[in-house]
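Structure first, then comments.
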2 protein chains.
Amino acid sequence: MVFRPAARTDVNRSAILAQLGAHGPASRADLARVLDVSPALMTQLTRDLLADGLLQELEQAPSQGGRPARMLGIVSTAGHAIGVKVVLDHVAFVEVGIDGAVLRSASEPFDASSSTFLAELTVLLRRFIAGGSSTPVLGIGIGVPGSVDNQGSGLVDSAQLGWSQVPLGATLQRELDLPVLVENNVNALAMAERLYGVGRRHDNFLVVTIGTGVGAGIVVDGAVLRGFSGGAGEVGHIPVTEDGPVCSCGNRGCLEAYIGEAALLRSARTAGVLGAQGGMTALGAAADAGNTAATAIFGQAGHRLGRALAGVVHTLDPEIIIVLGEGTSAWKHWSFAFEVALRSALMPSRRQVAVAVENWQDESWAQGAAALVLATPFDSDGLAGDQGRLVRARLVEQSAPQEAGS
Amino acid sequence: MVFRPAARTDVNRSAILAQLGAHGPASRADLARVLDVSPALMTQLTRDLLADGLLQELEQAPSQGGRPARMLGIVSTAGHAIGVKVVLDHVAFVEVGIDGAVLRSASEPFDASSSTFLAELTVLLRRFIAGGSSTPVLGIGIGVPGSVDNQGSGLVDSAQLGWSQVPLGATLQRELDLPVLVENNVNALAMAERLYGVGRRHDNFLVVTIGTGVGAGIVVDGAVLRGFSGGAGEVGHIPVTEDGPVCSCGNRGCLEAYIGEAALLRSARTAGVLGAQGGMTALGAAADAGNTAATAIFGQAGHRLGRALAGVVHTLDPEIIIVLGEGTSAWKHWSFAFEVALRSALMPSRRQVAVAVENWQDESWAQGAAALVLATPFDSDGLAGDQGRLVRARLVEQSAPQEAGS
DNA sequence: TAGGGTTTATTTAGTCCTAAACAAAGGGGA
DNA sequence: TCCCCTTTGTTTAGGACTAAATAAACCCTA
């Protein structure tokens, strides 16, 4: 009922870092305009960041009709973040700079259903961090396929991993003595998209991922919508038909049971496009080669996705839909049927909703997870809670050691 | 990207009025707890409200282990708000006290498709206001079936009314010289529910209305979700089948084309339950009397609604669904099939989502619209913009005229 | 009846932000 | 060359909120 004072908004400082990281140096006035805050506040925030050693004045002065701007740039040695993607059979790690760029990545086999998976993950993480650059680790962001109570405590429920109330965040915090932020993988991706991607220019958008599963990250008024129990965005389980195939959630006819990777492969096998051991790459190759049964499978998937998302668009009224995920490698075969199904199921006034498909890379999931660290280091009482404060503490402590003696 | 300072949070003051109005007198400490703000702020806010003459100290002192509380109550003569419901063939007005209670209501025939409907509405509104109580009118809230760019400017698009870019808010502001807030009718209802209803105790909920159309008001983290163009919540146009009946939006197979009032009546006529001129009351009566064809029609509607809302629940993860609208008069016939369809289409972890059906009255729509005025009088730069400031100005000016000479 | 515990209310200091006034540093035209 | 205009950056005053200390008013028990 009552509005709180905007989640301890030192988030702004990481927004400055993100902006400079993604777009290169800028003046204070530019930053104030882009980030939509007052110039006065920008002066203040940049003063802090300069004092903390995270920013530097670049002394450039290309005049532009008035007083020339003093450009500000990131001090890239101030620190880096670790991003982790956890799935059933492996984990992927990335190390990203303070500007969000990937510096290093790795992938390791992992068994999420093992009884000692927490210990194993700790070991793998320690090893990856040990092999890293000399700049300080600001924190660890972890993306999981499932719902998370809140980013700071990191209590995970995941049908896909077979996890129930797993204290992932708390355990890793204790073991590694570093700030750890856990979030649903799609929400993490939405956060990254908001900071570094197309979402930077939009306040209301949808990040839809296709691949093994189907999910959505929802950004409303600039913030990721988590819902009551942190489980918003499960669009893969929107019911599509009354008596469809059984889904991993136990119900019948979910969207994911039609267009998830497993479902597409099953269709391909019954249609004779694939043998018993062919995978998604083979199916994509078949479609590329003009196999009509293969293109039909993708086309049907596009159609189903389009109709289901029409419902979501009617519900949320986003400005743009961003499609991501492993499944986008074959997007050209989904695209046409998707567009037709989506637009024709939308009310006339919504037909202009934009659709963007971004370049997908193997490490994108882990990179998204790292954005958790870079996005919330200062947000002391928001999503990240205590962990945000810890990240900030590390940043200041490492980059301005000369102040430690005072 | 950057968080603003929580929408000029004098909203809190109207929250205090709403709380006291709905729940009777309370102490400052109680208010601080219920509204979740610091006692310090409560002292400050109530000081202002007392000075403005909107609150009075009741000098009561029922002790409770410690220092006895000084209760605060609303000065109900400080002003009232007008709520207006606009539909195709009539308008309904209510006058509500500063505590949200309905003082007076009226309904007038109206033709939204007439070329002079703006002038007619002005006349009707003037007449209703003139017949009202002597306390000052704080503002006018208007609920329309359609999307509104923002509450302050009140530019309306409505397929149902045949309106395109109608400057409803601006026109009435000019003609009546009063603050006017325009909002989608379901969003207004959600706001009222948040202030006075079940939603007071929840931060994430869904208000679903059934009647002529089907709509949803979405409240996330305590605020009404409006979407990019103010059109969120159009759940009536979620596609349900590929080749269903034609909907008012022009598409086929929308939820509303199955369970809207017109669709139910059509089904009843083809099933022979109703003659050519029977209405919803007759259909409800038939079901009450045990007519199995009639109960089956409601049951099917409940089933369809349940499945569609399962998708919405997966998308938004609300804590509770509140069902409202004219259609709830026959809810007992929807209920069973609805519950079964909803729960069985939900993932196991979501099955506990609560469903509440609130008592529906004729004037509820208009009452919801009035909540716009009572909820946003102080929110100077939020949804209501200028109009919010104007409401506040009227409140202070009217209730503390002795300060006018200073 | 004095003192400790509780609950209520206010004050104080401080954070995060804005708006508005101001200062600083250029450009270009009369 | 001087003045005006534009853009950048800073300072100042103030609003909205919080946490923590304090005061105020009651209860109960020893």
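With sequence neighbours left out, the salt bridge (charged side-chain N to carboxylate O under 4.0 Å, His left out) criterion links B/R67 to no other residue. B/R33 meets the salt bridge (charged side-chain N to carboxylate O under 4.0 Å, His left out) test with B/D30; sequence neighbours excluded. For A/A190, the side-chain contact (heavy atoms from CB on, under 4.5 Å) partners at least two apart in sequence or on another chain are A/V207, A/V219, A/V224. Qualifying side-chain contact (heavy atoms from CB on, under 4.5 Å) partners for B/R47, counting only residues two or more places apart in sequence or in other chains: B/T43, B/Q44. Every residue two or more places apart in sequence or in another chain that forms a side-chain contact (heavy atoms from CB on, under 4.5 Å) with A/V75 is listed here: A/Q56, A/T77.
Taking atom CG of residue A/L55 and atom P of nucleotide D/dG9, one finds them 13 Å apart after rounding to whole Å. Note: CZ (A/R47) to P (C/dT15) measures 13 Å, nearest angstrom. Taking atom CG on A/L50 and atom P on D/dG9, their separation rounds to 12 Å, with Å as the unit. In this structure, B/L35 atom CG and D/dA16 atom P are separated by 17 Å, rounded to whole Å. Per the geometry, CG belonging to B/D30 stands 15 Å off C1' belonging to C/dT6, to the nearest Å. Put simply, CD on A/Q44 is 13 Å from C1' on D/dA13, counting in whole angstrom units. One can place CE of B/M42 at 12 Å from C1' of C/dA9, the figure rounded to the nearest angstrom. Rounded to whole Å, atom P of C/dA20 lies 16 Å from atom CG of A/L41.
A salt bridge links A/D203 with A/R194: the closest approach of a Lys/Arg side-chain nitrogen to an acidic carboxylate oxygen falls below 4.0 angstrom.
OP1 or OP2 of D/dT7 has not a single side-chain nitrogen or oxygen of A/R70 nearer than 4.0 Å. Here B/R33 reaches the OP1 or OP2 of C/dT8: one of its side-chain N or O atoms lies under 4.0 Å away. The phosphate of D/dG9 has OP1 or OP2 within less than 4.0 Å of a side-chain N or O from A/S27.
In this structure, of D/dT8, C/dA25, D/dT10, it is D/dT10 that holds the atom nearest to the side chain of A/R28. Side-chain proximity of B/A40 to the nucleotides C/dA9, C/dT11, C/dA25 is greatest for C/dT11. Closest contact between the side chain of B/L45 and the listed nucleotides C/dA9, D/dT8, D/dC17 involves D/dC17. Side chain of B/V37, nearest nucleotide from C/dT11, D/dT18, C/dG26: D/dT18. Closest approach to the A/A29 side chain among C/dT18, C/dA9, D/dT8 is made by D/dT8 (side chain taken as heavy atoms from C-beta onward).
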Mind listing the N/O atom pairs, protein and nucleotides 3-5 of chain C, below 3.5 Å?
unit_1: C/dG5; atom_1: N2; unit_2: B/G65; atom_2: O; d: 3.4

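Rounding to the nearest 0.5 angstrom, the gap separating the CG atom in A/L178 from the CD1 atom in A/I140 is 5.0 Å.
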